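Excluded from the calculations below are hydrogen atoms, water molecules and symmetry mates; all remaining heavy atoms, backbone and side chain alike, are included. Bear in mind that the values here come from a model prediction, so they are computed numbers and not experimental data. First listed ligand is number 1; within each ligand, the first listed atom is number 1.
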Amino acid sequence: MLPAPLLMNSFLVAALSLVMTRLTCSSLSVSDIPHIAAYFGTKTRYEEVNRHLLRDGLWVNTSVRKSPAAERCTPIHLTAVIRHGCRYPTIQNIRKIQKLSELVRREASRGSDESEGWLRNIQNGWEMWYKEDMDGQLVPKGREDLRLLARRLAILFPALLSEKNRSSGRIRFLTSSKHRCVSSVEAFQEGLQQHWGNQDVDYRHEVNDDLMRFFERCLGYVEGVEKNRTALLEVDKFRRGEEMEGVRRRMADRLGLPQHRLTPDLVEAAFFLCSYELSIKSLHSPWCFLFDRNDAKVLEYQSDLKQFWKRSYGHAVNSMSSCPLFHHVFRTLDKAGRPRRSTEASPEPASILVGHAETLLPLLSLLGLYKDQSLLRASNYQSQQGRSFRTSLIVPYAANLLFVLYDCQRGPRLQMLINESPARFPGLEEDAPLYRDVRAMYRHLLDGCDFHRECEGRPEGRGPNTEL
Ligand SMILES: *[C@@H]1O[C@H](CO)[C@@H](O)[C@H](O)[C@H]1NC(C)=O
Ligand SMILES: *[C@@H]1O[C@H](CO)[C@@H](O)[C@H](O)[C@H]1NC(C)=O
Ligand SMILES: *[C@@H]1O[C@H](CO)[C@@H](O)[C@H](O)[C@H]1NC(C)=O
């Protein structure tokens, strides 16, 4: 037992630090951001990738538009494939968080590092506030993510995302049917209206899961990967491997718990909890002190491994399942770049497509991006330290893949931007190569990449129609 005054004192400190964190909630300074914030994989905030946005959410770098100056190019079309913004945890994660918080409250005691203030802050000051009905929904910060993104894109492409183009109904909005995506596409439209100084928004978007949730309609993918335990063998191995065991041991030490009380699931739950408190409430949560930077890198690798085998280069069908979206994008670009008679209507200036990390990763892989020399495996954590496949950088919340088509003297050119930074088509040297060169490079996909063959193992049009 502690003597009463001391006990009183520690309560005060805990209470006070709680008040302090509440106060700073909305204006978290850059130095208050957890040192592990850039390693949260698909749960990383967009600002961690574009750090200027920490100070100014409307910061835009107009030099990212890179068409050859000598060719007097003008942007004529923008296709944007965008991930939804910050969201609440899904039900499974909420249940894990619940279990973790009960365990720590009841059983955690001394930490080997004297368990400074943070353990007390967890035990006395932190309340389990996540409810099951929050299940994956967009949070207010996530709505803001999309509003700000819309405003920045309108600054970057004023002629395309213009009020006139919007009011004449020529900007197309498509979304996945998931609640968080529908809310995101609404927020994007709100952002545009804010940019033009309007109050009212009449939302105009279509739901299209064939395009934005192709993965769940691809039988070969569902059977071969999603429902197939062996497809993610490398992830299971890493989960039980020495690097993850080390993270678990150190976390148990810090909490003064026997290691067997902490399952790998609970270790992950604590890491995600730190990410959720930051992305949802802008809090530097006491849970973050359970991990140092090296722990975070190991946990990041675990999520990367999972995405790699489940959504990317691990299995060919992962990327091939995105063929419908790939064809949709290129058909839209074809139409926009086609020469027209002056009497013809001008093409669609912009197409905004809102989906998931699971929408973006297969498409990026199909395009050949972020492909490392060797596969990500449980055994090569060390040699993959410099890998390009880092989901924290590729698919944070509000991640976006932009295709910008320019009209130039030598013909249309296409530029790709990922999270508002220029990215090159693999194998092409220029920032904005001629569109016909891009088409030539992807010829094998443009002429193939047949959903029915890739996903159902049969040529197009034959056999029973299994689509809903
Ligand atoms: C702006 O974008 C250009 C082109 O990608 C890049 O070279 C430059 O470093 C960026 N500026 C800042 C301040 O990030
Ligand atoms: C499951 O995955 C393994 C490893 O990728 C593969 O060899 C096997 O064929 C898959 N099973 C099914 C039913 O597709
Ligand atoms: C609308 O989009 C077209 C491209 O299709 C562009 O040429 C035009 O300048 C845009 N802006 C307005 C105000 O119409």
Side-chain angles (χ1 to χ4, degrees), residues 30 38 45-71 73 75 78 80 148-149 151-158 215-240 304-321 361-362 365 369-370 374-380 388 393-394 396 398-404 406 413-426 428-433 451-458 466:
V30 174
R45 300 187 304 175
Y46 192 72
E47 302 89 297
E48 248 56 67
V49 178
N50 269 335
R51 312 252 327 153
H52 295 284
L53 301 176
L54 287 167
R55 289 193 184 79
D56 176 7
L58 289 177
W59 188 85
V60 172
N61 179 358
T62 48
S63 329
V64 299
R65 287 180 315 222
K66 287 190 165 191
S67 49
E71 288 192 38
C73 303
L78 168 71
L148 290 171
L149 176 63
R151 292 171 70 181
R152 291 195 303 274
L153 294 185
I155 295 169
L156 209 46
F157 303 105
F215 42 91
E216 64 185 10
R217 320 219 148 178
C218 179
L219 207 62
Y221 170 75
V222 173
E223 301 289 331
V225 179
E226 193 151 75
K227 292 188 185 165
N228 179 355
R229 291 285 307 173
T230 25
L232 301 187
L233 209 59
E234 294 293 325
V235 186
D236 292 337
K237 275 197 216 157
F238 191 73
R239 229 175 149 70
R240 289 180 274 102
D304 287 357
L305 261 186
K306 183 170 161 200
Q307 299 301 331
F308 184 85
W309 290 93
K310 203 170 172 186
R311 306 289 172 184
S312 182
Y313 296 108
H315 302 285
V317 72
N318 296 353
S319 59
M320 295 310 266
S321 67
L361 281 174
S365 310
L369 293 151
Y370 305 109
S374 51
L375 301 181
L376 272 67
R377 293 194 180 279
S379 56
N380 61 9
S388 67
L393 296 177
I394 308 169
N400 50 84
L401 165 63
L402 311 178
F403 297 94
V404 187
Y406 298 90
R413 289 184 174 271
L414 186 66
Q415 187 190 0
M416 183 164 55
L417 296 149
I418 298 176
N419 300 329
E420 297 169 75
S421 290
R424 288 197 175 166
F425 293 97
L428 295 179
E429 306 281 279
E430 291 167 284
D431 287 306
F451 181 78
H452 296 277
R453 188 167 52 229
E454 301 305 335
C455 291
E456 288 154 24
R458 63 185 173 80
T466 51

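- In terms of modelled atom types and a separation under 3.5 Å, the side chain of Arg65 and the main chain of Leu156 share a donor-acceptor contact.
- For atom 14 (O) of ligand 1, the nearest protein heavy atom lies closer than 4.0 Å.
- Of the candidates Arg424, Arg413, Gln415, Arg413 is the only one forming a side-chain hydrogen bond (donor to acceptor under 3.5 Å, both in side chains) with Glu430.
- Remark: ligand 2 atoms within the under-4.0 Å shell around heavy atoms of Gly224 are 1 (C), 2 (O), 14 (O).
- Near Val64, meaning under 4.0 Å from one of its heavy atoms, ligand 1 places the atoms 2 (O).
- In the vicinity of Pro422, heavy-atom distances shorter than 4.0 Å reach the ligand 1 atoms 5 (O).
- Against a heavy-atom cut-off of under 4.0 Å, His52 is close to the following atoms of ligand 1: 13 (C), 14 (O).
- Each of the following atoms of ligand 2 lies closer than 4.0 Å to a heavy atom of Asn228: 1 (C), 2 (O), 3 (C), 8 (C), 10 (C), 11 (N), 12 (C), 14 (O).
- Residue-ligand proximity: Arg229 is placed with every non-hydrogen atom at 4.0 Å or more from ligand 2.
- Listed for the Tyr221 side chain is a donor-acceptor partner under 3.5 Å among the backbone atoms of Lys310.
- Using a 4.0 Å cut-off to heavy atoms of Thr230, the atoms of ligand 2 that qualify are 1 (C), 2 (O), 3 (C).
- Looking at Glu454, its side chain never comes within 3.5 Å of a backbone N or O of Ser321 through a donor-acceptor pair.
- The protein heavy-atom contact nearest to atom 5 (O) of ligand 2 is His315 CE1, 3.2 Å.
- In this structure, the separation between NZ on Lys306 and CG on Leu376 is 15.0 Å, given to the nearest 0.5 Å.
- In this pair, His52 and Trp59 present their aromatic rings parallel. The plane angle is below 30°, not in the 30 to 60° band.
- Atom 2 (O) of ligand 1 lies below 4.0 Å from at least one non-hydrogen atom of the protein.
- Here the heavy atom of the protein found nearest to atom 4 (C) of ligand 1 is Lys66 CE, 3.5 Å.
- Separation of atoms CG (Asp304) and CD1 (Ile394) is listed at 7.5 Å; rounding is to 0.5 Å.
- Distance alone, capped at 3.5 Å, places no donor-acceptor pair between the Arg45 side chain and the Pro396 backbone.
- Remark: ligand 1 atoms within the under-4.0 Å shell around heavy atoms of Asn61 are 1 (C), 2 (O), 3 (C), 8 (C), 10 (C), 11 (N), 12 (C), 14 (O).
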